[in-house]
Amino acid sequence: MLMNLIESGFSRDAIIMVLLSIPVILFALSLHECCHGLVAKWMGDPTAYNMGRLTLNPTKHLDPFGTIMMFLFGFGYARPVPINTRNFKNPKWGMCFSALAGPVSNFVASYVFFFFYALLSMKVVTVEMMYVTGIPTMLQAVLLLLFVAFRLNLTLALFNLLPIPPLDGSRILFVLLPSKYYFKVMKYEQYIALAIMVLLFTGVLSGPLTALSDMIFEFFAWTCNWMV
């Protein structure tokens, strides 16, 4: 994201990409956290609901550190919704499903955006339309927005499934690990988050995540080929 903008020397295309990314990132992070709280409420914990976190209003969800990571690298996280596991009938599984809801919502959003991107590019953009004044530019902007929305929702989902604090994957890991080991790891959450940023900055982590994202892109494209 911003790293690409700097590397490109602030080219016009890179600036447009960053500007389009702003509303997409705000939506993706808000959807992610809202779905955490929604599933927690369905499973018996109204904490997020009572604190006004079941909303797509980004001001309720943004985490400064995680949002900066999202803009810099395309991978990040939002401010976790509060969850009280004591309200769940089964605390471990309640936490697991609540944590899983965020990445799943981004996966679904990613596929929906990609589907409309494929539909628009394959069925709507015809040779005849390219000669209509103004339409190519508008369509290109819409296509680019859909592609950015697909890609960022996908990377957000993948990144948050990593089984390391403070990401959702660590909450899902709670089901598998004995509580005493889980909470020992969670004590070092802030230090682990800093290490994640270093790994992203050096490309050690972003490389494999981007490769996995590309594989899912190919799968999405394969499914859309026979749907549209």
Side-chain angles (χ1 to χ4, degrees), residues 25 27-58 60-67 69-70 75-112 152-200 204-206 208-209 212-213 215-216 219:
I25 288 173
F27 168 77
L29 291 173
S30 301
L31 175 69
H32 185 101
E33 291 305 320
C34 180
C35 287
H36 279 317
L38 191 60
V39 170
K41 186 174 184 294
W42 287 343
M43 299 196 70
D45 176 34
T47 307
Y49 172 76
N50 293 337
M51 296 184 70
R53 296 292 302 276
L54 299 192
T55 175
L56 293 179
N57 180 356
K60 299 285 187 179
H61 302 297
L62 296 187
D63 175 272
F65 192 70
T67 305
M69 287 176 63
M70 196 75 183
F75 303 100
Y77 55 89
R79 182 164 57 93
V81 295
I83 291 177
N84 187 346
T85 56
R86 287 177 294 183
N87 290 324
F88 296 137
K89 290 181 180 178
N90 186 316
K92 280 193 172 185
W93 283 107
M95 175 60 82
C96 176
F97 288 125
S98 299
L100 194 58
V104 167
S105 70
N106 291 125
F107 271 124
V108 172
S110 176
Y111 190 82
V112 169
L152 285 177
N153 272 279
L154 179 57
T155 55
L156 181 64
L158 289 175
F159 181 68
N160 276 274
L161 281 175
L162 292 175
I164 46 181
L167 306 177
D168 298 324
S170 67
R171 272 70 180 178
I172 298 168
L173 191 65
F174 181 44
V175 174
L176 305 174
L177 280 180
S179 298
K180 60 178 180 178
Y181 297 120
Y182 175 80
F183 288 110
K184 280 182 181 178
V185 173
M186 290 301 293
K187 285 195 299 185
Y188 302 99
E189 181 174 327
Q190 289 183 332
Y191 302 105
I192 295 171
L194 236 125
I196 292 171
M197 191 164 186
V198 171
L199 291 174
L200 285 171
V204 172
L205 194 56
S206 57
L209 285 172
L212 184 56
S213 176
M215 289 173 60
I216 295 174
F219 173 73

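Please read all numbers here as calculations on a predicted model, not as lab measurements.
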Contacts of Trp42 meeting ring-ring contact (aromatic ring centres under 6.0 Å, His included) (sequence neighbours excluded), chain-then-number -> none
Residues passing the ring-ring contact (aromatic ring centres under 6.0 Å, His included) test with His61, sequence neighbours excluded, are none
Under the side chain to side chain contact (heavy atoms under 4.5 Å, CB included) test, which residues partner [X], sequence neighbours left out?
| X | value |
| --- | --- |
| Leu161 | Leu100, Pro103, Phe107, Ile172 |
| Pro46 | Asn50, Asn87 |
| Phe88 | Ala40, Met43, Asp45, Ile83, Thr85, Ser98 |
| Ser105 | Leu31, Cys35 |

How close do [X] and [Y] get, counting heavy atoms only, and between which atoms?
| X | Y | value |
| --- | --- | --- |
| Ala101 | Val39 | CB-CG2, 3.3 Å |
| Val81 | Gly37 | CG2-N, 3.8 Å |
| Ala28 | Asn106 | O-ND2, 3.3 Å |

Could you grab the distance from atom [atom1] of [X] to atom [atom2] of [Y], nearest 0.5 Å is fine?
| X | Y | atom1 | atom2 | result |
| --- | --- | --- | --- | --- |
| Leu158 | Ile216 | CG | CD1 | 4.0 Å |
| Glu33 | Asn57 | CD | CG | 13.5 Å |
| Lys60 | Arg53 | NZ | CZ | 9.0 Å |
| Leu156 | Ser213 | CG | OG | 11.5 Å |
| Leu62 | Ser30 | CG | OG | 6.0 Å |
| Cys34 | Phe27 | SG | CZ | 9.5 Å |

Sorted by chain and number, sequence neighbours left out, side-chain hydrogen bond (donor to acceptor under 3.5 Å, both in side chains) with Asn160 holds for none
Residue set satisfying side-chain hydrogen bond (donor to acceptor under 3.5 Å, both in side chains) with Asn90, at least two apart, ordered chain then number -> none
